[in-house]
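Take a look at the structure below.
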Amino acid sequence: MAIPKLSRLTLAILIFFVSLPIFAQSNYEQAVERITKNEMREALNITNRALDENENDVNFLYLKLILTDYFGYKNEFYETIIKLSESNAPTDSYLLSSVKFDYTGWREYTNENCLELMKNYYDKPNLNPTVRAYVLDYLATKYRRMNKVSKSKDMIKELGTITKWQFLGSFENISESGFDKDFGALAHPENNYKFVNKNNADIKWFKPVIAENSAWINFDNNFVVNNSIMYAQTFINVLNDTECQLRIGVSGSLKAWVNDQLAFQESDEKNNGVDSYVSKVILRKGWNRVLIQIGCSEIRDANFSLRFVDNKGVVVPITEVSAE
């Protein structure tokens, strides 16, 4: 029997069906059987007929999500997710799967269906914190592209992304050779210390003249990022010792230090979304140094998004942030 080639989103939703109570609905059972036999067109026909009779049937909406994803019907796929978002169905984890597995598609900024979906989810109470992070990240970027700067800043503030940083770079990283090299950034946070970059030029920590209104810190605004190691540092002030989570999204390889202690590293160059890496850390009462190393060799982008949250995903209160 031929097995259909299913996307990761489809598999995620199929797993969900295992936990759903299966009602004695012959049309539903027929549609599922058609999918298992790779008769996807007929399964979609059965699903559409069922939704013509009851457009809010959650079971058939999930089936339509699978089938429109399978056929690549983007508009119908978005419309179906929006319909699910308006229901009381437990959709958070599956919506997150679709965002992660098709992040470029979701970030088509001219797609008003996507904006409508994210607005729906922004208004949902008790939303899964990781899903909320993706929603806030999307809305922050969308509103910035729409020149709604105030709304964009509100989304960034709610997301809790640290946006004030000093930069240092760039250092040699041909064939990822710079990942484990010590270029002195960890030992020297002071502004007047002179480093030598990959072009044998003297450099220092610097703060960009114009701050970017974004939840993502982009190195390519200041460096030629190809075959480069770059650093960013910031200092945050908290009222009390705080055990929390460091959550980072990144394009590139990554090392992260909190108070000069290595909190996380990933040598493979990834291109992912917010909260992709999570590490437990302790912020000490008073000022804390955060240092980030990003490396590019195989990919062209170099950026990161960083925030501190508690174990429930709630943003940790920070008294003050200083790049210097």
Side-chain angles (χ1 to χ4, degrees), residues 7-9 96-111 114 130 133-134 136-138 140-142 144-145 156 159 161-163 165-186 195 197-199 201 203 205-206 208 210-234 246-257 262-279 290-307:
S7 72
R8 289 174 290 178
L9 169 60
L96 176 62
S97 296
S98 71
V99 171
K100 279 191 171 182
F101 295 155
D102 189 21
Y103 200 51
T104 301
W106 279 117
R107 294 179 70 92
E108 291 173 351
Y109 298 111
T110 58
N111 191 310
C114 187
T130 304
Y134 271 88
L136 291 169
D137 178 42
Y138 173 85
T141 304
K142 178 67 174 180
R144 177 166 59 88
R145 295 289 181 102
I156 294 171
L159 180 60
T161 301
I162 305 298
T163 58
W165 297 85
Q166 280 186 324
F167 292 157
L168 179 69
S170 58
F171 301 95
E172 194 62 77
N173 190 41
I174 294 176
S175 300
E176 304 177 7
S177 59
F179 182 76
D180 285 321
K181 287 186 178 179
D182 182 3
F183 296 107
L186 180 62
F195 303 84
N197 71 6
K198 65 180 181 180
N199 296 316
I203 57 172
W205 288 103
F206 72 94
I210 300 176
E212 185 181 7
N213 175 38
S214 174
W216 290 81
I217 308 303
N218 295 290
F219 285 99
D220 49 10
N221 291 337
N222 297 278
F223 302 102
V224 176
V225 301
N226 189 39
N227 292 325
S228 295
I229 291 287
M230 297 141 293
Y231 294 91
Q233 71 173 355
T234 192
L246 170 65
R247 295 191 177 188
I248 306 177
V250 67
S251 289
S253 62
L254 170 68
K255 282 187 178 181
W257 294 265
L262 185 64
F264 184 84
Q265 63 177 340
E266 174 55 70
S267 60
D268 288 341
E269 296 176 18
K270 306 290 187 182
N271 190 5
N272 50 40
V274 294
D275 290 4
S276 292
Y277 301 131
V278 180
S279 299
V290 182
L291 176 65
I292 297 295
Q293 173 187 300
I294 299 292
C296 280
S297 177
E298 298 176 353
I299 65 177
R300 296 181 179 180
D301 295 326
N303 55 57
F304 69 94
S305 175
L306 181 149
R307 66 197 194 115

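We count residues from 1, following the sequence as given.
- To the nearest 0.5 angstrom, Leu291 atom CG is 9.0 Å from Leu168 atom CG.
- Relative ring orientation between Phe171 and Tyr231 is described as perpendicular, the plane-to-plane angle rising above 60° on a 0-90° scale split at 30° and 60°.
- Taken to the nearest 0.5 Å, the CD atom of Gln166 stands 8.5 Å off from the OG1 atom of Thr234.
- Distance check, rounded to the nearest 0.5 Å: CD1 of Ile217 to OG of Ser305 gives 7.5 Å.
- Counting heavy atoms from C-beta outward, Trp257 and Gln233 have side chains that stay 4.5 Å or more apart.
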Problem set entry | Residue pair Ser214, Arg144: steps toward the side chain to side chain contact (heavy atoms under 4.5 Å, CB included) verdict | CA-CA 8 Å; Ser214 174; Arg144 177 166 59 88; 4.0 Å; yes
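- Applying ring-ring contact (aromatic ring centres under 6.0 Å, His included) to Trp165 and the options Phe206, Trp205, Phe304 leaves one that passes, Phe304.
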For this session: Please assess Met230 against Asn173 for the test side chain to side chain contact (heavy atoms under 4.5 Å, CB included), listing each intermediate value before the final yes or no.
Result: CA-CA 10 Å; Met230 297 141 293; Asn173 190 41; over 6 Å; no
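- Atom-to-atom distance recorded for Asn271:CG and Asp301:CG is 5.5 Å, nearest 0.5 angstrom.
- A donor-acceptor distance shorter than 3.5 angstrom exists from the side chain of Ser253 to the backbone of Gly295, with no hydrogens or angles considered.
- Counting heavy atoms from C-beta on, the side chains of Glu172 and Lys181 never come closer than 4.5 Å.
- When each of Asn218, Asp220, Asn303 is tested with Ser251 by the rule side chain to side chain donor-acceptor pair (under 3.5 Å), just one qualifies, namely Asn303.
- A distance of 4.5 Å separates OH in Tyr277 from CG in Asn272, rounded to the nearest 0.5 Å.
- Separation of the Phe183 and Phe195 ring centroids does not fall under the 6.0 Å cut-off.
- Although no hydrogens or angles enter the test, the distance criterion places no donor-acceptor pair under 3.5 Å between the side chain of Asn199 and the main chain of Ala201.
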Problem set entry | Worked verdict on Glu269 versus Glu176 for side chain to side chain contact (heavy atoms under 4.5 Å, CB included) | CA-CA 9 Å; Glu269 296 176 18; Glu176 304 177 7; 3.6 Å; yes
For this session: Given side chain to side chain contact (heavy atoms under 4.5 Å, CB included), test Leu186 with Leu262 step by step and report yes or no.
Result: CA-CA 10 Å; Leu186 180 62; Leu262 185 64; over 6 Å; no
